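Read through the structure below, which is laid out as structure tokens, and then see the notes.
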Amino acid sequence: MNTPLSKDFYQTSSLELAKKLLGCKLIKETVEGIASGIIVETEAYMGPMDRAAHSYNNRRTKRTEIMFHEAGHIYTYVMHTHCLVNIVCNEVDKPEAVLIRAVEPVQGIELMMKRRNQTILANITNGPGKLTKALGISMEDYGHVCWLPPLYIAEGIKPTNIAIGPRIGIENSGEAKDYPWRFWIEDNPYVSRRNKRAKS
DNA sequence: TACGTGATGCCC
DNA sequence: GGCATCACGTAG
């Protein structure tokens, strides 16, 4: 339990990794304790040809630099007041990444509720900004690798059915906004809110 | 449903 | 400087 996946797990395209990550366990260790969750929703960002990706047209800045590095690095960035977490994948100089949009709480539930100031289990990790706060993921995790503590990914469960749909929050990305590059575990109660609304 | 929040990059 | 961006919480 909680044995990190090996680095070659990440050496694939973001579309493949987004599907493979569903059911895996995301774990963060801090002085406050261990918090973890099963990944239930992801989005693929395909790099230079994907208008919605930060690395579109090979845009390489201090922020996106890590996307050009070896697969399995952690790419965190700040959106308004929230931190979002991505996993870099594919080969060096192929700047692809998978955004983790929601997890199902497993370990450290009390700790996560406290960090989120929230008592409803279904609301503590059901969004990309929420899960980073619950797990204690921040810009300090930028550039680390996800096969070593304190932030790493381990084997979890095998998802039954995977649902597919368009990504969220990229309305100004031209034709890229319609690409079905979001994946989630069907009927899981911990997927993000906008996702459930879209289904109803 | 609408607004405030406020890091980062890019185009003036 | 001004604006857009891979959200979220709160108020009404």
Side-chain angles (χ1 to χ4, degrees), chain A residues 10 13-19 21-22 26 37 39-69 71 73-90 94-103 105 112-143 146 151 163-184 189-198 200:
Chain A
Y10 306 97
S13 75
S14 60
L15 282 175
E16 286 304 311
L17 186 65
K19 284 178 270 191
L21 279 175
L22 292 175
L26 181 65
I39 297 169
V40 297
E41 184 177 348
T42 59
E43 280 180 4
Y45 286 87
M46 287 293 278
M49 35 67 77
D50 179 3
R51 274 198 57 180
H54 287 162
S55 53
Y56 173 63
N57 207 15
N58 278 309
R59 182 169 54 176
R60 188 164 185 163
T61 66
K62 192 180 173 189
R63 180 171 68 157
T64 62
E65 176 64 28
I66 201 67
M67 293 183 75
F68 292 82
H69 289 218
H73 279 81
I74 306 285
Y75 171 37
T76 48
Y77 84 96
V78 175
M79 171 63 170
H80 293 265
T81 56
H82 306 286
C83 181
L84 278 64
V85 65
N86 300 253
I87 309 300
V88 175
C89 58
N90 217 317
K94 288 194 176 179
E96 299 182 16
V98 174
L99 169 68
I100 298 176
R101 286 195 53 87
V103 305
M112 291 194 282
M113 284 182 168
K114 184 178 131 205
R115 283 171 174 160
R116 291 270 299 115
N117 193 26
Q118 174 61 267
T119 54
I120 300 168
L121 185 62
N123 287 345
I124 61 177
T125 56
N126 60 333
K130 296 179 185 180
L131 74 90
T132 55
K133 188 173 180 189
L135 291 173
I137 296 169
S138 70
M139 288 307 292
E140 287 184 18
D141 296 297
Y142 179 94
C146 53
L151 177 60
I164 301 172
R167 294 174 292 180
I168 287 171
I170 55 168
E171 296 307 308
N172 292 340
S173 299
E175 72 285 351
K177 75 177 168 61
D178 297 320
Y179 298 164
W181 289 353
R182 180 163 53 97
F183 307 91
W184 66 97
Y190 303 97
V191 296
S192 66
R193 191 170 163 211
R194 296 177 68 170
N195 181 26
K196 279 190 280 195
R197 198 196 298 165
S200 62

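As the structure is a prediction and not an experimental result, all values here were calculated from the model. In what follows, chains are A, B, ... by sequence order, proteins preceding strands, each numbered from 1.
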On a whole-Å scale, what distance lies between the [atom1] atoms belonging to [N] and [M]?
{"N": "C:dA4", "M": "B:dC3", "atom1": "P", "result": "15 Å"}
{"N": "C:dC3", "M": "B:dG4", "atom1": "P", "result": "15 Å"}
{"N": "B:dT5", "M": "C:dG12", "atom1": "P", "result": "15 Å"}
{"N": "C:dC6", "M": "B:dT1", "atom1": "C1'", "result": "22 Å"}

How close do A:Leu26 and A:Leu135 get, counting heavy atoms only, and between which atoms?
CD2-CD1, 3.6 Å

Closest approach of A:Ser55 to A:Gly47 (non-hydrogen atoms, all atoms of both residues):
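Minimum heavy-atom separation between A:Ser55 and A:Gly47: OG-CA, 3.3 Å.
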
Return the value, rounded to whole Å, for the distance between atom [atom1] of [X] and atom [atom2] of [N].
{"X": "A:Tyr77", "N": "C:dT5", "atom1": "OH", "atom2": "P", "answer": "11 Å"}
{"X": "A:Leu131", "N": "C:dC8", "atom1": "CG", "atom2": "C1'", "answer": "13 Å"}
{"X": "A:Tyr56", "N": "C:dT5", "atom1": "OH", "atom2": "P", "answer": "14 Å"}
{"X": "A:Asn57", "N": "B:dC10", "atom1": "CG", "atom2": "P", "answer": "11 Å"}
{"X": "A:Lys133", "N": "C:dC8", "atom1": "NZ", "atom2": "C1'", "answer": "10 Å"}
{"X": "A:Ile120", "N": "C:dC8", "atom1": "CD1", "atom2": "P", "answer": "16 Å"}
{"X": "A:Trp184", "N": "C:dC6", "atom1": "CH2", "atom2": "P", "answer": "19 Å"}
{"X": "A:Tyr75", "N": "C:dT5", "atom1": "OH", "atom2": "C1'", "answer": "11 Å"}

Take A:Asn117 and A:Leu99, find for each the nucleotide of DNA chain C with the closest heavy atom, and name the residue whose nucleotide sits nearer the 5' end.
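Nearest nucleotide further toward 5': that of A:Leu99.
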
Are any non-hydrogen side-chain atoms of [X] and [Y] less than 4.5 angstrom apart?
{"X": "A:Tyr77", "Y": "A:Val85", "value": "no"}
{"X": "A:Leu15", "Y": "A:Trp181", "value": "yes"}
{"X": "A:Val191", "Y": "A:Trp184", "value": "yes"}
{"X": "A:Tyr10", "Y": "A:Val88", "value": "no"}
{"X": "A:Ile100", "Y": "A:Pro128", "value": "no"}
{"X": "A:Arg167", "Y": "A:Tyr179", "value": "yes"}
{"X": "A:Thr64", "Y": "A:Tyr75", "value": "yes"}

Using Watson-Crick pairs (N1 to N3, plus N6-O4 or O6-N4) and G-U wobble pairs, both distances under 3.5 Å, which stems of at least 3 pairs involve DNA chain B?
B:1-5 with C:7-11, B:7-11 with C:1-5

Would you say [X] reaches [N]'s phosphate, i.e. side-chain N/O to OP1/OP2 under 4.0 Å?
{"X": "A:Arg59", "N": "B:dG9", "answer": "no"}
{"X": "A:His54", "N": "C:dC6", "answer": "yes"}
{"X": "A:Arg116", "N": "C:dG9", "answer": "yes"}
{"X": "A:Lys130", "N": "C:dG9", "answer": "yes"}

Taking the minimum atom-to-atom distance to the side chain of A:Pro128, which one of B:dC10, C:dA7, C:dG9 wins?
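So the side chain of A:Pro128 is nearest to C:dA7.
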
Are A:His54 and A:Tyr45 close enough that their ring centers fall under 6.0 Å?
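No, the ring of A:His54 stays outside the 6.0 Å limit from the ring of A:Tyr45, centre to centre.
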
[X]: what forms a side chain to side chain contact (heavy atoms under 4.5 Å, CB included) with it, not counting sequence neighbours?
{"X": "A:Met139", "answer": "A:Thr76, A:Val78, A:Cys83, A:Tyr142"}
{"X": "A:Ala97", "answer": "A:Met67, A:Asn86"}
{"X": "A:Asn90", "answer": "A:Ser13, A:Lys94, A:Glu96"}

Please give me every residue in residues 45-53 of chain A whose heavy atoms get under 4.0 Å of an atom in DNA chain C, ordered by residue number.
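Correct list: A:Tyr45, A:Ala52, A:Ala53.
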
NA contact type, A:Ile170, heavy-atom cut-off 4.0 Å: base, sugar-phosphate, or nothing?
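A:Ile170: backbone/sugar contact only, no base atoms under 4.0 Å.
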
Under 3.5 Å, which N/O atoms of the protein pair with N/O atoms of nucleotides 4-8 of chain B?
none

